[in-house]
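One structure below.
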Amino acid sequence: MTISLQGKTFVVMGIANKRSIAWGIARSLNRAGARLILTYNRDRMQKNVQALAETLERDDTIILQCDVSKDESIERCFQEIKEKVGTIHGLAHSIAYANKEDLEGEFVDTSREGFLLAHNISSYSLTAVARAAKELMAEGGSIVTLTYLGGERVVKNYNLMGVAKASLEASVRYLANDLGKDDIRVNSISAGPIRTLSAKGVRDFNSVLNEIEERSPLRRTTTAEEVGDTALFLLSDLSRGITGENIHVDSGFHIVSI
Ligand code: NAD
């Protein structure tokens, strides 16, 4: 069955470059005919996002800045979306950040400042953007965020980000419960490791990829396209009975023990 999102509008947050998982999501949504609003964080990313958007071959894509660590930036961004399109049908949140030094050494040494920063950007931001997006989802909607196995289990070198992902995954459940009465669904995708800009912050990332290739049921690493297609499913009506769920797109690695 093909999925059509013709006539629907989706916000995709978190494209830094062509390797970003958010870009994989944007391409899957574009293939299904969706209109896209792409948001980026810093000015220097605007050119990248603009160039990528041109490859979508649509003339109605909107590109906006949104720094999720600032309430006024989120407010401005969603006000602009309201003025430009009115109603949106879904949102993909593909955003995380932690200081590199907090991903090294031991979790027990995490600073208060580093802890709060990682949780602010990687977890709280979902709640902040869900609240803003809800106002524009008059016809119901679907929200998807990105998490990792390190939120469920101790994964070497993932440290603080694992704790932030656990908070993000719990937020998905509470948001799903709050927003369900407005016919808004909230789910997460737990992606296998993919070589992106963010992944550069994780030490020994190559050996993580090797392990997935050797030990995952599918014996291969995850691609942004695979994650994009699952996001497409979760953002479409095909998944209309699913909310508060976490779907692993990781070649099955999460089921494997030593
Ligand atoms: P990426 O670096 O391409 O994307 C991360 C994005 O977060 C960037 O676009 C960055 O600009 C954005 N961001 C950071 N701080 C922000 C802020 N204050 N405001 C707005 N945006 C901000 O890397 P990615 O791997 O595509 O990461 C996307 C998501 O996928 C993250 O949540 C990440 O934890 C998750 N994830 C990644 C992997 C992986 O192996 N790459 C695996 C599982 C989950």
Side-chain angles (χ1 to χ4, degrees), residues 11-27 38-49 52 63-74 76-78 91-100 103 116-126 128-129 132 143-153 155 157-169 171-172 188-209 211-212 216 221-228 230-231 246-251 253-254:
V11 180
V12 179
M13 311 184 79
I15 300 177
N17 57 37
K18 65 176 187 201
R19 289 178 182 270
S20 294
I21 293 174
W23 179 236
I25 297 172
R27 272 179 300 162
L38 309 177
T39 77
Y40 61 91
N41 179 20
R42 297 196 189 282
D43 287 342
R44 62 186 152 83
M45 287 163 187
Q46 186 186 10
K47 255 171 79 181
N48 272 351
V49 178
L52 289 171
I63 299 171
L64 298 171
Q65 184 181 21
C66 185
D67 177 349
V68 297
S69 67
K70 299 192 172 81
D71 286 337
E72 56 280 14
S73 180
I74 296 175
R76 203 180 318 119
C77 175
F78 281 85
L91 178 142
H93 169 279
S94 187
I95 289 173
Y97 185 81
N99 287 327
K100 198 163 186 293
L103 299 179
L116 293 176
L117 176 72
H119 281 71
N120 187 13
I121 296 176
S122 316
S123 175
Y124 177 70
S125 66
L126 176 70
V129 300
I143 296 173
V144 171
T145 187
L146 266 299
T147 186
Y148 179 59
L149 190 60
E152 299 167 71
R153 309 211 197 132
V155 174
N157 296 329
Y158 203 62
N159 294 2
L160 168 61
M161 192 50 85
V163 178
K165 289 302 191 193
S167 158
L168 178 74
E169 289 170 22
S171 302
V172 164
S188 58
I189 296 173
S190 186
I194 300 173
R195 202 186 296 281
T196 62
L197 197 61
S198 292
K200 281 191 175 160
V202 180
R203 204 154 51 93
D204 252 353
F205 193 70
N206 278 345
S207 55
V208 179
L209 291 177
E211 205 180 335
I212 304 285
S216 69
T221 52
T222 305
T223 66
E225 288 70 28
E226 290 171 343
V227 177
T230 301
N246 181 29
I247 298 185
H248 295 82
V249 181
D250 64 349
S251 300
F253 187 72
H254 68 285

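Counting starts at 1 for both ligands and their atoms, following the listed order.
The two residues Ser198 and Ala96 come nearest to each other via the heavy atoms OG-O, 4.5 Å. Taking all atoms of both residues into account, the shortest heavy-atom contact from Phe253 to Ile212 is CG-CD1, 3.5 Å. Between Phe205 and Pro193, the shortest heavy-atom contact is CZ-CB, 3.5 Å. When all heavy atoms of Ala22 and Val12 are compared, the pair lying nearest together is O-CG1, 3.4 Å. Nearest heavy-atom pair, Ser190 versus Asn246, reported as atom, atom and distance to 0.1 Å: N-OD1, 3.4 Å.
When side chains are defined from C-beta on, Glu169 counts as touching Glu152, because their heavy atoms get closer than 4.5 Å. For the pair Tyr124 and His119, the minimum side-chain heavy-atom distance is 4.5 Å or more. Residues Asn17 and Trp23 form no side-chain contact, since every pair of their non-hydrogen atoms from C-beta on lies 4.5 Å or further apart. Inter-residue side-chain proximity for His93 and Ser125 is flagged as met; some heavy-atom pair is nearer than 4.5 Å.
The closest protein non-hydrogen atom to atom 16 (C) of ligand 1 is Asn41 ND2, 3.2 Å. Looking at atom 2 (O) of ligand 1, its nearest protein heavy atom turns out to be Ser198 OG, 2.7 Å. Considering only non-hydrogen protein atoms, atom 14 (C) of ligand 1 sits nearest to Ala96 O, 3.6 Å. Nearest protein neighbour of atom 38 (C) of ligand 1, counting heavy atoms only, is Ile21 CD1, 3.9 Å. In this structure, the protein non-hydrogen atom closest to atom 35 (C) of ligand 1 is Leu146 CB, 3.7 Å. Closest to atom 19 (N) of ligand 1, if we only count protein heavy atoms, is Val68 N, 2.9 Å.
Any N or O atom pair closer than 3.5 Å counts here, and Tyr148 shares no such pair with ligand 1. For ligand 1, the polar-atom distance check finds no N/O of Ala191 at less than 3.5 Å from any of the ligand's N/O atoms. Residue contacts with ligand 1: Gly14 is placed with a nitrogen or oxygen under 3.5 Å of a nitrogen or oxygen of the ligand (distance criterion only). Any N or O atom pair closer than 3.5 Å counts here, and Tyr97 shares no such pair with ligand 1. An N or O contact shorter than 3.5 Å is missing between Thr147 and ligand 1 by distance.
One N or O on the side chain of Lys165 and one on the backbone of Leu146 form a donor-acceptor pair closer than 3.5 Å. Listed for the Gln65 side chain is no donor-acceptor partner under 3.5 Å among the backbone atoms of Tyr40. Using modelled atom types, no side-chain atom of Ser94 and backbone atom of Ile21 make a donor-acceptor pair closer than 3.5 Å. In this structure a side-chain-to-backbone donor-acceptor pair under 3.5 Å is present from Asp250 to His254.
Contact annotation for Ile95 and ligand 1: heavy atoms of both the backbone and the side chain come within less than 4.0 Å of the ligand. When non-hydrogen atoms are compared, ligand 1 lies under 4.0 Å from neither the backbone nor the side chain of Ser190. Neither the backbone nor the side chain of Thr39 comes within 4.0 Å of ligand 1, counting heavy atoms alone. Residue contacts with ligand 1 for Met45 involve side-chain atoms from C-beta outward but no N, CA, C or O (heavy atoms, distance under 4.0 Å). With a heavy-atom cut-off of 4.0 Å, Ile15 touches ligand 1 through its backbone alone.
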Report task. Just do the side chain to side chain contact (heavy atoms under 4.5 Å, CB included) check on Ser251 and Thr222 with the steps written out, would you? Result -> CA-CA 6 Å; Ser251 300; Thr222 305; 4.2 Å; yes
Query - side chain to side chain contact (heavy atoms under 4.5 Å, CB included) assessment of Tyr148 paired with Val202 - result: CA-CA 13 Å; Tyr148 179 59; Val202 180; over 6 Å; no
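Taking all heavy atoms of Ile194, Leu197, Asn120, Thr221 into account, the minimum distance to atom 40 (O) of ligand 1 is reached by Ile194. The closest non-hydrogen atom to atom 33 (C) of ligand 1, taken over Met161, Lys200, Lys165, Arg195, comes from Lys165.
Within ligand 1, the atoms closer than 4.0 Å to a non-hydrogen atom of Ser94 are 5 (C), 6 (C), 7 (O), 28 (C), 29 (C), numbered from 1 in the order shown. Distances below 4.0 Å separate heavy atoms of Thr196 from the following atoms of ligand 1: 23 (O), 24 (P), 25 (O), 26 (O), 41 (N). Taking every non-hydrogen atom of Gly192 and a distance limit under 4.0 Å, the qualifying atoms of ligand 1 come out as 40 (O), 42 (C). Here is the list of ligand 1 atoms found below 4.0 Å of a heavy atom in Cys66: 19 (N), 20 (C). Within the listing of ligand 1, atoms 17 (C), 18 (N), 19 (N) sit less than 4.0 angstrom from a heavy atom of Asp67. Every atom of ligand 1 with a heavy atom of Ser20 under 4.0 Å away is listed here by number and element: 1 (P), 3 (O), 26 (O).
Per-atom contact check: atom 10 (C) of ligand 1 does not touch the protein, criterion being a heavy-atom distance below 4.0 Å.
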